[in-house]
Amino acid sequence: MKAATALIRTAALNHNIDVIRAMAPNSRAWAAIKANGYGHGLLPVAKALSSQVDGFGVARLDEALQLRAGGVVKPILLLEGFYSAVDLPAVVANNLQTVLHCEEQLQAFERATLERPVTVWLKIDTGMHRLGVNPDDVSDFIARLEACPNVAKPLHFISHFGCADEPENPLTLQQIDLFKALTAGQPGLKSLAASSGTLMWPTSHFDYVRPGISLYGISPVSERTGADFGLQPAMTMTSSLIAVRRAKQGDAIGYGSRWVTPRDTLLGVVAIGYGDGYPRVAPDGTPLLVNGRRVPLVGRVSMDMLTVDLGPDATDRVGDEVILWGDGLPVEEIAQHVGTIGYELVTNITSRVDIVYT
Ligand SMILES: *Cc1c(COP(=O)(O)O)cnc(C)c1O
């Protein structure tokens, strides 16, 4: 009998990247596989997608080094750049491309002595106001980067949307216009769209799209699921029933006695909890699949277990499989119940969970 296990269908990854690339047929694609491939496994996801993408985007130098150590030879882009000048030799030695978004990173390049120039993507803040060079400073950065022998020519350009998951939000078109204006006439490559831009904003595609969450079959947009875009969930989170028990009307279940049984019923205890990454904040009524039918979570999620109401006539047995999300139960739906997004649920899986590739 298995405890928490994430089943990853690599064929779904292959299907999803085909769907995504068909939406942006004239663009190349970086696959965003940071945070352990959004919980799906960094190296296995890279290997599964390798022949279908132009490169990989990661958030941490260490993620890039793991990919190189694992034999990945495709281009790799550090989406936030390097965090310290001491990282630059590793960027060069591992043939990484880097985002550059601030004065400190620029000075690191200007002061370094590197064996080879590095391919740099200048990040412009077009309106999200998280990372990036302010529009007023762009021409100064371009001039200094072009004069810097450690920077490969031509210089490339990147920016990121703040609200592209909201189809009506005017910020997205403003960001596209500003990005175009600030990079007009530049010979370098341009990249703006993550998943929501790729799927919903065709004029944002430019030279490279950067899909992340959609690769895994999950919608970047709330109120919709991956299936609405023709995507398939790559991860199905499973566990097993480790007890089936009678409860009497009025019994209070679990820590804090949060849920009180409204009628005599059968309760199932499932071997998964917040120690595996299932959210403790999940409310009563969050659905799970047991033998193909939806049953509600009842009572607080514990570290290693949670409880479901199987109903008075249930015939489920100890050892039966339970699906927490994935096939037949979109993670987006669980996220709605919990008050978060699918991104957080899949990324929060802990190291205790077995990841099995099928
Ligand atoms: C994570 C990330 C992406 C991918 O975003 P999704 O919404 O998961 O598609 C793209 N670009 C940058 C800079 C990122 O950090």
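Counting starts at 1 for both ligands and their atoms, following the listed order.
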For this session: Could you check L96, N94, V73, L42 and say which one makes a side chain to side chain contact (heavy atoms under 4.5 Å, CB included) with L67?
Result: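 Only one of L96, N94, V73, L42 forms a side chain to side chain contact (heavy atoms under 4.5 Å, CB included) with L67, namely L42.
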[Y] backbone acceptor or donor facing [X] side chain under 3.5 Å:
{"X": "D165", "Y": "V221", "result": "no"}
{"X": "N36", "Y": "Y38", "result": "no"}
{"X": "S239", "Y": "M237", "result": "no"}
{"X": "E63", "Y": "A35", "result": "yes"}

Problem set entry | ring-ring contact (aromatic ring centres under 6.0 Å, His included) involving Y208 - partner list, sequence neighbours excluded |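 If we apply the ring-ring contact (aromatic ring centres under 6.0 Å, His included) test to Y208, skipping adjacent residues, the hits are W30, W121.
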What does the contact table look like for ligand 1 (nitrogen or oxygen on each side, cut-off under 3.5 Å)?
{"unit_1": "ligand 1", "atom_1": "7 (O)", "unit_2": "Y343", "atom_2": "OH", "d": "2.6"}
{"unit_1": "ligand 1", "atom_1": "8 (O)", "unit_2": "Y38", "atom_2": "OH", "d": "2.6"}
{"unit_1": "ligand 1", "atom_1": "8 (O)", "unit_2": "I213", "atom_2": "N", "d": "2.8"}
{"unit_1": "ligand 1", "atom_1": "9 (O)", "unit_2": "S195", "atom_2": "N", "d": "2.8"}
{"unit_1": "ligand 1", "atom_1": "9 (O)", "unit_2": "S195", "atom_2": "OG", "d": "2.5"}
{"unit_1": "ligand 1", "atom_1": "9 (O)", "unit_2": "G212", "atom_2": "N", "d": "2.8"}
{"unit_1": "ligand 1", "atom_1": "9 (O)", "unit_2": "I213", "atom_2": "N", "d": "3.4"}
{"unit_1": "ligand 1", "atom_1": "11 (N)", "unit_2": "R210", "atom_2": "NE", "d": "2.9"}
{"unit_1": "ligand 1", "atom_1": "11 (N)", "unit_2": "R210", "atom_2": "NH2", "d": "3.4"}
{"unit_1": "ligand 1", "atom_1": "15 (O)", "unit_2": "K34", "atom_2": "NZ", "d": "2.6"}

